[in-house]
Protein chains: 2
Amino acid sequence: MATRTRRTERREEPLSRERIVEAAIGLLDTAGERGLTFRALAEHLATGPGAIYWHVTGKEELLGAATEAVVGTMTAGTAGATPQEEIRTLALGVFDAIETHPWIGTQLARAPGKSPMLRVFEHLGRQVQALGVPHTAQFTAVSALLNYVLGVAGQNAANARAHQAHQPDTGRAEFLDTAATAWADLDPAEYAFTRGVADQLRDHDDREEFLAGIDLILTGITARYQ
Amino acid sequence: MATRTRRTERREEPLSRERIVEAAIGLLDTAGERGLTFRALAEHLATGPGAIYWHVTGKEELLGAATEAVVGTMTAGTAGATPQEEIRTLALGVFDAIETHPWIGTQLARAPGKSPMLRVFEHLGRQVQALGVPHTAQFTAVSALLNYVLGVAGQNAANARAHQAHQPDTGRAEFLDTAATAWADLDPAEYAFTRGVADQLRDHDDREEFLAGIDLILTGITARYQ
DNA sequence: ACCTGAACACCGTTCAAGT
DNA sequence: ACCTGAACACCGTTCAAGT
């Protein structure tokens, strides 16, 4: 009876690009990449699917905007750190963003020259420059770092997708355990090496492993170009 | 009038998993990832879409089988080469396979523990072992290499997708040139580094750049673990 | 200017019916 | 056993019609 103002408060909030992107991120986080649908999004925003198109040209742009919104909140600089530390922090930022929003892993790999990745490229580049890498090698060095990050990103996104689809109620440790057991059961002739490192898969830490890869590339960069 | 045998020869070739996968690869290569449709595939095989499901469980399996078929023809070993050379050859094999079949870039990133990638992992692993990397670091070293390869793979696939969609009739050199020009036009304050390496983007060689990244990681591995 | 929702042109997948 | 093709349950996107 007294709900008139209350209800309109919710209803009258006008549709905007910002609200749409926000709702899209929520849908992607909770329902996965397959869960983002113009119909589901419209229902979430209490409108019809056509309304969204007035604020956004299509699904591709919507995914791009969602990725930018997430990645944009991420490029903070730690003052007074070594270039190596800055690169580690930057890379970890991407890693963590993907952990909370696995779908940006797919999205980053999909938009090559587009802005979210270009920003990461720029920041990595400045640190590589600070490392003293000669100009002619800077592009190569940054590309190596970025491609590695993107590879991990894509892998994590795929893992999240598979995890959500197949065993949504198991933890990461449990998942690694089953994978490691499967590796240990492989044909000894064809997969001798993989069998041998199955134990390392079982008790590894994703973040640490990711950072170890970054360090490996950094070592290569400094050994070669410094 | 004398075409009876001729015609039947074509028509009677029975549907098989092999023929379906082959047709799917053809469709993916010529029409891109979006071009692979059960209806298009059925038309290509002169049958109905339902027939395909008798030989293949669904689209995911079909894409997986197509990827395996392409990657499977690729793991040749060069006898009497150093581990470094073997790794380079192996990585270049993946790179070249992606260049002729860009869609496997997406596909490799999508199937983490699945067989095509596991084979590459195994072969890389053997060479890393031959390099003398201690057991506890082998998983990390191979992961770094593989993630880098997958990052480039995804990037190349995305580029091919964008290229086919936007400027299908321009060459790679032309594409790099426009990209480099766009970089050189970026805001000097926000993108100082990227602007500075625009020239390196313009006249770089994809294969060489890819190998330079591999070498950087190899340098890191040997510097740290040998 | 902005929203609505039916309609269009597609998908992947299923399934009764055929051979 | 294997194939056919209509039908189902979805998509993204458009567009006349409303406010």
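Per chain, numbering begins at 1; letters A, B, ... match sequence-line order.
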- Message: Assess whether a salt bridge exists between R207(B) and D96(B), defined as any Lys/Arg side-chain N lying under 4.0 Å from an Asp/Glu carboxylate O.
- Response: yes
- Item | Note: E43(B)-R39(B) ion pair, threshold 4.0 Å (strictly below) | no
- Task: Ignoring the backbone of W54(B), work out which of dA1(D), dG12(C), dC3(C) is nearest its side chain.
- Result: dA1(D)
- Quick one: which of dT14(C), dC11(C), dG12(D) gets closest to the side chain of T37(B)? dC11(C)
- Nucleotide forming a Watson-Crick or wobble pair with dC10(D), both distances under 3.5 Å: none
- Message: So, applying side-chain contact (heavy atoms from CB on, under 4.5 Å) with F95(B), which one of V149(B), L211(B), I214(B), N156(B) is it?
- Response: N156(B)
- Note on the structure: When rounded to whole Å, the CZ to C1' distance for the pair R34(A) and dT13(C) reads 12 Å
- Message: Measure NE2/H55(B) against C1'/dG12(C) and give the value in whole Å, please.
- Response: 19 Å
- Item | Base partner of dC15(C), which must satisfy Watson-Crick or wobble distances under 3.5 Å | dG5(D)
- Grab the CD-C1' distance between E60(A) and dG12(D) for me, whole Å please. 12 Å
- Over how many whole Å does the gap from L15(B) atom CG to dG5(D) atom P extend? 13 Å
- Answer yes or no: is there a side-chain heavy-atom contact under 4.5 Å between F210(B) and L92(B)? yes
- Flag the pair E61(B) and R17(B) as a salt bridge only when some basic side-chain nitrogen lies within less than 4.0 angstrom of an acidic carboxylate oxygen. yes
- When all nucleic acid strands are considered with a 4.0 Å heavy-atom cut-off, which category describes I52(A): base, sugar-phosphate, or nothing? nothing
- Query: Can you tell me how far C1' of dT13(C) sits from CG of L63(B), to the nearest Å?
  - Reply: 15 Å
- Query: What's the OH-P distance between Y53(A) and dC11(D), to the nearest Å?
  - Reply: 12 Å
- Task: Find the distance K59(A):NZ to dT13(D):P and express it as a whole number of Å.
- Result: 8 Å
- Query: What's the CG-C1' distance between L36(A) and dC10(D), to the nearest Å?
  - Reply: 15 Å
- Query: Among dC11(D), dT13(C), dC3(D), which nucleotide sits nearest the side chain of R39(A)?
  - Reply: dC11(D)
- Query: With a non-hydrogen cut-off below 4.0 angstrom, is L41(A) in contact with a base, only sugar-phosphate, or nothing?
  - Reply: nothing
- By nearest nucleotide on DNA chain D, pick out whichever of A51(A) and F38(A) is the more 5' one. F38(A)
